[in-house]
**Student:** 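Take a look at this one; I'll ask things after.
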Amino acid sequence: MPTALWRIKLTIMPLKPNKENDMATETVFSKIIRREAQADILYQDELVTAFRDIRPRAPVHILLVPNQLIPTVNDVEPKHEAALGRLFTVARKLAAEHGIADKGYRLIMNCNAHGGQEVYHIHLHLVGGRALGPMLSR
Ligand code: 5GP
């Protein structure tokens, strides 16, 4: 099956660790969501999970992920809108709790190789706590 179709098929299935196909595309983020891998989880509800990045690039660096595996932004569908919207309301809450709301912060979501995506389970980076400079290096 072509890769694109294979991904679409997987994204319509809920995460189930005992399914061979799910295991093939799962990342460490699924294990963190299920609390099978260690992470500093700051927030979790039925749609999303937020945890500290293991290699923080700023004083505050939190990853917010949908609980359901969506590999890239290219795989997003209308049915994901509730979870993706929740990423932003939780990002707002965590930014306030970490005292970076007023000075500001950056939300980043990378897509595929040119976007610099390393982990193929979409995630919103919440980065702040210092001046972050220009958005892109030249
Ligand atoms: P990307 O480049 O895909 O947008 O970002 C992936 C992020 O995930 C990186 O900032 C990286 O440090 C973080 N990361 C990768 N593996 C782990 C892990 O096992 N635990 C945590 N907490 N963060 C991870």
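Start at 1 and go down the list; that is how both ligands and their atoms are numbered. Every value quoted in this text rests on a predicted model; they were computed, and no experiment measured them.
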**Student:** Atom CG of L126 and atom CZ of R92: how far apart are they, to the nearest 0.5 Å?
**Tutor:**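 L126 CG to R92 CZ: 13.5 Å, rounded to 0.5 Å.
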**Student:** For a quick test of reading the model, state the closest non-hydrogen atom pair linking A58 to L132 and the distance between them.
**Tutor:** CB-CD2, 4.3 Å
**Student:** With backbone taken as N, CA, C and O and side chain as the heavy atoms from C-beta onward, which portion of L63 lies under 4.0 Å from ligand 1: side chain, backbone, both, or neither?
**Tutor:** side chain
**Student:** For I32, which part has a heavy atom under 4.0 Å from ligand 1: side chain, backbone, both, or neither?
**Tutor:**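 Near ligand 1, I32 shows its side chain, while the N, CA, C and O stay back.
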**Student:** Hey, which atoms in ligand 1 end up nearer than 4.0 Å to a heavy atom of E118?
**Tutor:** 1 (P), 2 (O), 3 (O)
**Student:** Is there a chain of hydrophobic side chains (I, L, V, M, F, W, Y, each step under 4.5 Å between heavy atoms) that links F88 to M109?
**Tutor:**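 In one cluster: yes.
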**Student:** What do you reckon, does N110 have a nitrogen or oxygen under 3.5 Å from a nitrogen or oxygen of ligand 1?
**Tutor:** yes
**Student:** Please list, in number order, the atoms of ligand 1 under 4.0 Å from a heavy atom of H125.
**Tutor:**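 Heavy-atom distances to H125 below 4.0 Å select 1 (P), 4 (O), 5 (O), 7 (C), 10 (O).
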**Student:** Once you restrict to heavy atoms under 4.0 Å, what part of I54 touches ligand 1? Side chain, backbone, both or neither.
**Tutor:**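 Near ligand 1, I54 shows its backbone as well as its side chain.
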**Student:** Could you tell me which atoms of ligand 1, counted from 1 in the order shown, lie closer than 4.0 angstrom to a heavy atom of F51?
**Tutor:**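 Answer, ordered by atom number: 22 (N).
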**Student:** Taking side chain as C-beta onward, heavy atoms only, is V60 less than 4.5 Å from Y105?
**Tutor:**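 No, too far: nothing below the 4.5 Å cut-off.
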**Student:** Evaluate the side-chain proximity of L42 to H98: yes if any heavy-atom separation is below 4.5 Å, no if none is.
**Tutor:** yes
**Student:** Quick check: are there more than 12 heavy atoms from other residues, nucleotides or ligands sitting under 6.0 Å from CZ of R106?
**Tutor:** yes
**Student:** Could you tell me the residue and atom name of the protein heavy atom closest to atom 9 (C) of ligand 1, and the distance to it rounded to 0.1 Å?
**Tutor:**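 Ranked first by proximity to atom 9 (C) of ligand 1 is D53 OD2, 3.3 Å.
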**Student:** Does F29 reach ligand 1, in the sense of a heavy atom lying below 4.0 Å from it?
**Tutor:**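 Heavy atoms of F29 do come under 4.0 Å of ligand 1.
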**Student:** Would you confirm whether the ring centroid of H123 sits within less than 6.0 angstrom of the ring centroid of H125?
**Tutor:** yes
**Student:** To the nearest 0.1 Å, how far is atom 16 (N) of ligand 1 from its closest protein heavy atom, and which atom is that?
**Tutor:**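 Result for atom 16 (N) of ligand 1: V28 CG1, 4.1 Å.
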**Student:** I'd like to know if G116 contacts ligand 1, where contact means a heavy-atom distance under 4.0 Å to any ligand atom.
**Tutor:** yes
**Student:** In Å, rounded to the nearest 0.5 Å, how long is the span from CZ of R86 to CG of L47?
**Tutor:**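 So the gap between those two atoms works out to 4.5 Å.
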**Student:** I'd like to check which ligand 1 atoms, numbered from 1 as shown, lie under 4.0 Å from a non-hydrogen atom of R55.
**Tutor:** 11 (C), 12 (O)
**Student:** Roughly how far, to the nearest 0.5 Å, is the OG1 atom of T89 from the CG atom of L94?
**Tutor:** 9.5 Å
**Student:** Starting from atom 5 (O) of ligand 1, find the nearest protein heavy-atom neighbour and note its residue, name and distance.
**Tutor:**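 The protein heavy atom lying closest is H123 NE2, 3.0 Å.
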**Student:** Which heavy atom in T25 sits nearest to a heavy atom in L69, and how many Å separate them?
**Tutor:**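 Nearest pair, atom of T25 first, then L69: OG1-CD2, 3.5 Å.
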**Student:** Check whether any heavy atom of R57 sits under 4.0 Å from an atom of ligand 1.
**Tutor:**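 For ligand 1, residue contact (heavy atoms, under 4.0 Å) with R57 is present.
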**Student:** So is there a nitrogen or oxygen of R52 less than 3.5 Å from a nitrogen or oxygen in ligand 1?
**Tutor:** yes
**Student:** Measure the distance from atom 15 (C) of ligand 1 to every protein heavy atom, then report the residue, atom name and distance (to 0.1 Å) of the closest one.
**Tutor:**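 Sorting protein heavy atoms by distance from atom 15 (C) of ligand 1 puts V119 CG2, 4.0 Å first.
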